[in-house]
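These notes are about the structure you will find just below.
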There are 2 protein chains.
Amino acid sequence: MSSQTPFGLGPIAAQPLHEQVYERLRHALMSGQIAPGRKLTSRKLAAELGTSDMPVRSALMRLQALHALDQLANGSMILPAMTRTRFSDLMTTRLICEPAAARRAVDGLDRAGLVKLRQVAVALTAAAEDQDIDAYLLHNHDFKFSIYAACGSPSLLFLIETLWLQVGPFLRQFSGQFDNDLRGILALDYHDEIVRRLEEGDGEAAAGLLARDIREGYDFLMQNGQFE
Amino acid sequence: MSSQTPFGLGPIAAQPLHEQVYERLRHALMSGQIAPGRKLTSRKLAAELGTSDMPVRSALMRLQALHALDQLANGSMILPAMTRTRFSDLMTTRLICEPAAARRAVDGLDRAGLVKLRQVAVALTAAAEDQDIDAYLLHNHDFKFSIYAACGSPSLLFLIETLWLQVGPFLRQFSGQFDNDLRGILALDYHDEIVRRLEEGDGEAAAGLLARDIREGYDFLMQNGQFE
DNA sequence: CGATAGATTATGCGATCACAAAAAATCAGA
DNA sequence: TCTGATTTTTTGTGATCGCATAATCTATCG
């Protein structure tokens with residue numbers, strides 16, 4: 001007799017260490033815990049995570065393959081600083097991919113998906129009214145990817161994910177700050193209308209609204225963001 | 001005295017092994033040397049390349065991060081098989097990204113770039129007339145990326161590269177074959193007209209032609225490709 | 001005090017080892 | 001000969017070691 005699972009549910013599919021490290025780092029990036037320009041050395045991280053170098057190296061190289069990290073000439077990994085031109089480039093590419101995904105999401109969004117989407121939209125407006133930036137960003141991510149995941153295109157979804165992996169660390173720069181005048185950007189949100197259009201099956205309108213949403217986020221951050 | 005370079009020219013910036021392995025594998029993928037469904041084990045590859053496992057592991061994980069390889073449940077890497085739905089998905093996403101890049105390339109293409117583009121277009125038609133599939137695919141890649149590289153958007157270019165990394169291994173299935181009736185697809189090429197439109201500065205028309213090119217390649221492969 | 005040479009530390013990189021699980025091969029019995 | 005169990009091999013994974021270079025610190029001298 002081997003180590004069979006006595007009950008129906010198997011174990012939580014013990015992931016390899018390098019996978020866990022990757023997820024930790026990815027989450028740390030996307031939640032703004034790492035400052036742009038920060039150097040990430042495998043030994044330091046390994047010591048902090050209580051592993052050896054190897055899993056950390058793997059995770060770092062994967063992140064770098066996705067352009068979430070930059071590699072210095074000597075091989076060190078850093079979270080790239082955000083310049084105006086890079087930000088502009090990334091947002092322009094987002095404007096190509098994300099409205100296209102929204103346009104296709106109408107067919108993939110079933111009733112349950114629309115219900116969930118509306119719930120997230122409510123939480124989103126609530127976070128906006130509460131001036132809770134962290135919750136806003138979290139729900140914003142949740143909202144958009146609930147749409148994109150329904151676009152029926154794994155490859156497009158993957159491209160969008162890599163874009164967010166590059167923009168994410170920068171978006172989080174306001175995380176925890178309270179002295180910014182975010183009321184403007186937080187107030188006007190098209191999310192409710194986007195849901196409405198999706199419910200109506202009007203993907204074109206939803207895509208247009210989403211593009212406006214991205215553009216206004218772009219304008220706001222070009223105004224108020226801290227670039228290098 | 002250390003290992004200084006006696007002359008002005010330094011070494012060819014000796015790349016780390018894992019980088020060389022990565023390039024080798026990437027090239028092997030894109031030139032159809034690896035059959036879809038093939039399992040790539042780090043030890044076998046390491047033995048073949050004369051290195052240890054580690055650089056190979058790194059390279060494989062980077063490729064997998066870009067979805068150029070799939071990971072089995074036990075961690076083995078395989079070149080994913082191409083299904084009709086996956087191919088359809090990838091080509092649809094190409095249709096989103098690549099015309100957009102072409103549209104933007106008009107501003108980034110200087111005289112020298114246009115000259116080079118026309119040269120590649122000539123080589124492309126020559127390869128088509130010679131029924132030289134390998135040369136055709138090579139120049140086709142060269143042609144398209146000469147355009148995309150001029151789109152001024154590193155992020156969009158990167159997305160397109162990851163898409164090609166996934167489609168490439170499949171496109172090469174005709175490599176070396178001569179008994180297929182490729183005259184149809186090889187004959188009608190929009191490349192010359194694309195160059196002409198780009199020279200005229202009409203990015204919109206170039207994008208439209210490029211979309212047609214992609215669509216017809218898609219139709220051809222859906223008809224004649226070997227899917228799983 | 002400041003700059004430079006030397007020493008020390010940090011770091012990327014690659015090889016090797018060990019272990020467990022999976023896959024493959026071999027063998028025994030019907 | 002076919003099937004099923006057992007052994008052997010393969011393979012992913014992670015840790016440790018050593019080397020060379022880069023970065024940092026220190027100390028000495030002008």
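When reading the values below, keep in mind they use all heavy atoms of this one structure, side chains included, and skip hydrogens, waters and symmetry mates. In what follows, chains are A, B, ... by sequence order, proteins preceding strands, each numbered from 1.
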Inset, instruction - Could you pick out which residue, B:Arg43 or B:Lys39, lies toward the 5' side of DNA chain C when each is mapped onto its nearest nucleotide? - result: B:Arg43
Inset, instruction - Could you point out which residue of B:Leu165, B:Leu40, B:Ile78, B:Ile34 forms a side chain to side chain contact (heavy atoms under 4.5 Å, CB included) with B:Leu69? - result: B:Leu40
Legend entry - Nucleotide D:dT11, atom P - distance to CG of B:Leu40 in whole Å: 11 Å
Legend entry - Short side-chain donor-acceptor distance under 3.5 Å, A:Ser88 and A:Tyr218: yes
Legend entry - Proximity of A:His18 and A:Tyr22 rings by center, below 6.0 Å: no
Legend entry - Close residues, residues 44-74 of chain A, relative to DNA chain C [heavy-atom separation under 4.0 Å]: A:Lys44, A:Arg57, A:Asn74
Inset, instruction - Determine whether B:Gln71 and B:Leu60 make a side-chain contact, defined as any pair of heavy atoms from C-beta on separated by less than 4.5 Å. - result: no
Legend entry - Separation of C:dC13 P from B:Glu19 CD (nearest whole Å): 9 Å
Legend entry - C:dT11 OP1/OP2 closer than 4.0 Å to side-chain N/O of A:Ser76: no
Inset, instruction - Flag yes if more than 12 heavy atoms outside B:Arg24 fall under 6.0 Å of its CZ atom; otherwise flag no. - result: no
Legend entry - Per B:Thr41 side chain, nearest of listed nucleotides D:dT13, D:dT11, C:dT11: D:dT11
Legend entry - Heavy-atom donor-acceptor pair, B:His139 side chain to B:Ala135 backbone, under 3.5 Å: yes
